Amino acid sequence: MDKLQPFEKDFYRGSTVEVARRLIGQYLCRESEQGTVYGSIVETEAYLSSNDPACHASVGRTGRNTTMFGPAGRAYVYLIYGLYYCFNVVTGPESEGEAVLVRAIEPAGGLGLMKKRRGPSCSPANLASGPGKLCHAFAIDKSLDGHELQKKPLYIAENKNATRYNRIKATPRIGISVAQDRLLRFVVPGNKYLSRREPIG
DNA sequence: GTTAAGATCTGCT
DNA sequence: GCAGATCTTAACG
């Protein structure tokens, strides 16, 4: 495999929606003592600071969401339903409280290690096709909350074949009970590693 | 101190 | 398709 070069902080500048779209097709890489896993991001969701009650930051700064109010380009990791972690990329100006949730990844390297973590009978399409699943496959937990994504052991790097993912579609976000009308989820249409299949039509 | 809800996943029917 | 698992967080008293 070619050496993967992490993006610099400039990559995370711009609006949260821009970054959410820019992340599609790029590599998420995770190094550990067990080995390295990486894959292409195929599904993201934007969470905004204004007029977005679904965003954790909408209630102001709390213990859990403090990282969201830090500088862009860091990881925001939290536990949901007492069981699963969700991995976000902090975006927007500092103190703004915006982030992009990474919901699904198409595995590209370290498939064996992902399988070891997720279970031997787990199919490739099921390894990281959802926020909780991808955190499990990538061994992402609360210890990485606040980590800067420009460096090891967790970083985002350029995928030179990202043109394959040039088509991006906006859809409603998943799993939220408010602001369901906003088209802030971005997917590679028809990709088989999404957390949900394309709605028909 | 107590309680209700949550950016989910899995297994069973 | 649906219910159950499982527990932290934050709001309230």
Side-chain angles (χ1 to χ4, degrees), chain A residues 12 15-17 19-21 23-24 28 39 41-70 72 74-92 96-107 114-147 149 154 156 168-188 192-200:
Chain A
Y12 303 97
S15 78
T16 293
V17 168
V19 176
R21 303 183 74 109
L23 282 167
I24 298 284
L28 177 68
I41 298 170
V42 294
E43 178 176 346
T44 61
E45 284 181 4
Y47 286 86
L48 309 179
S49 60
S50 61
N51 198 22
D52 185 6
C55 181
H56 285 172
S58 65
V59 295
R61 193 187 297 238
T62 66
R64 175 174 67 169
N65 67 23
T66 294
T67 304
M68 284 183 89
F69 291 88
R74 290 187 182 176
Y76 167 47
V77 181
Y78 68 92
L79 189 65
I80 188 67
Y81 298 117
L83 292 170
Y84 303 104
Y85 290 101
C86 290
F87 167 70
N88 301 248
V89 178
V90 177
T91 55
E96 191 70 14
E98 303 200 330
V100 174
L101 171 68
V102 178
R103 289 188 55 90
I105 280 172
E106 175 178 338
M114 290 190 210
K115 211 165 185 173
K116 185 175 167 188
R117 288 171 176 153
R118 292 270 299 127
S121 60
C122 189
S123 72
N126 196 31
L127 282 173
S129 54
K133 298 181 197 174
L134 89 84
C135 282
H136 190 187
F138 279 64
I140 295 172
D141 63 22
K142 199 101 170 69
S143 70
L144 287 165
D145 184 40
H147 171 76
L149 292 169
L154 180 67
I156 293 168
I168 297 175
K169 182 176 177 183
T171 77
R173 291 174 294 184
I174 290 180
I176 55 175
S177 56
V178 291
Q180 292 167 331
D181 55 322
R182 305 192 67 176
L183 301 180
L184 292 174
R185 172 175 176 252
F186 303 97
V187 303
V188 179
K192 68 188 259 199
Y193 298 92
L194 299 179
S195 64
R196 312 232 172 150
R197 286 314 167 92
E198 279 294 285
I200 42 178

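Lettering follows sequence order; numbering is per chain, from 1. Heavy atoms only: backbone and side chains are in, while hydrogens, waters and symmetry mates are out. If you're wondering where the values come from, they're calculated on a predicted model, not measured in any experiment.
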Self-check item: Watson-Crick or G-U counterpart of dC7(C), or none if no pair lies under 3.5 Å
Solution: dG6(B)
Quiz prompt | Value in whole Å for how far the C1' atom of dT8(B) lies from CG of Leu101(A) | solution = 11 Å
Quiz prompt | Euclidean distance, atom NE2 of residue His56(A) to atom P of dA11(C) [Å, nearest integer] | solution = 12 Å
Practice problem: For Leu79(A) and for Tyr84(A), find the nucleotide of DNA chain C with the closest heavy atom, then tell me which residue's nucleotide is more 5'. | Solution: Tyr84(A)
Self-check item: Spacing between Lys133(A) atom NZ and dG11(B) atom C1', to the nearest angstrom
Solution: 13 Å
Quiz prompt | Shortest side-chain distance from Arg118(A), nucleotide among dG6(B), dT10(B), dA7(B) | solution = dT10(B)
Exercise. Please tell me which of the listed nucleotides, dA7(B), dC9(B), dA11(C), lies nearest to the side chain of Val59(A)?
Key: dA11(C)
Practice problem: Under 4.0 Å between any heavy atoms, over every strand shown, what does Ser195(A) touch: base, sugar-phosphate, or nothing? Just pick one. | Solution: nothing
Practice problem: Can you figure out which of dT9(C), dT8(B), dA10(C) approaches the side chain of Cys86(A) most closely? | Solution: dT8(B)
Practice problem: Dump the intermediate steps for ring pair (Phe, Tyr, Trp, His ring centres under 6.0 Å) on His56(A) and Tyr78(A), then the final yes or no. | Solution: CA-CA 10 Å; His56(A) 285 172; Tyr78(A) 68 92; 4.6 Å; yes
Exercise. Figure out the CG/C1' separation between Asn126(A) and dT8(B), and round it to whole Å.
Key: 13 Å
Practice problem: Show your working on ring pair (Phe, Tyr, Trp, His ring centres under 6.0 Å) between Tyr85(A) and Phe87(A) and close with a plain yes or no. | Solution: CA-CA 7 Å; Tyr85(A) 290 101; Phe87(A) 167 70; over 10 Å; no
Exercise. State which of dT10(B), dA7(B), dG6(B) makes the closest approach to the side chain of Ile176(A).
Key: dA7(B)
Quiz item: Of all the choices, dC9(B), dT8(B), dG6(B), which nucleotide is nearest to the side chain of Ser177(A) once you look at every atom?
Solution: dG6(B)
Quiz prompt | Given dA7(B), dA10(C), dT9(C), the nucleotide with the shortest approach to the side chain of Thr62(A) | solution = dA10(C)
Quiz item: Under 3.5 Å, is there an N or O donor on one side and an acceptor on the other linking the side chain of Tyr81(A) and the base of dA5(B)?
Solution: no
Quiz item: Do NZ/NE/NH1/NH2 and the carboxylate oxygens of Arg173(A) and Asp52(A) come within less than 4.0 Å?
Solution: yes
Self-check item: For atom CD of Glu45(A) and atom P of dG6(B), their distance in whole Å
Solution: 15 Å
Self-check item: Nearest-Å distance for atom pair CG/P, residues Leu48(A) and dA7(B)
Solution: 15 Å
Quiz item: Are OP1 or OP2 of dT8(B) and a side-chain N or O of Arg103(A) less than 4.0 angstrom apart?
Solution: yes
Exercise. Answer with base, sugar-phosphate or nothing: what part of the nucleic acid does Leu83(A) contact at a heavy-atom distance below 4.0 Å?
Key: base
Practice problem: Classify the nucleic acid contact of Arg196(A) as base, sugar-phosphate or nothing, counting any heavy atom under 4.0 Å across all strands shown. | Solution: nothing
Quiz item: Just one of Arg103(A), Arg196(A), Glu45(A), Glu43(A) clears the side chain to side chain contact (heavy atoms under 4.5 Å, CB included) bar with Val187(A), so which one?
Solution: Glu43(A)
Quiz item: Is a side-chain N or O of Arg117(A) found less than 3.5 angstrom from the main chain of His136(A), in a donor-acceptor match?
Solution: no
Quiz item: With a 4.0 Å cut-off on heavy atoms, is Arg173(A) in touch with a base, just the backbone sugar-phosphate, or nothing at all?
Solution: nothing
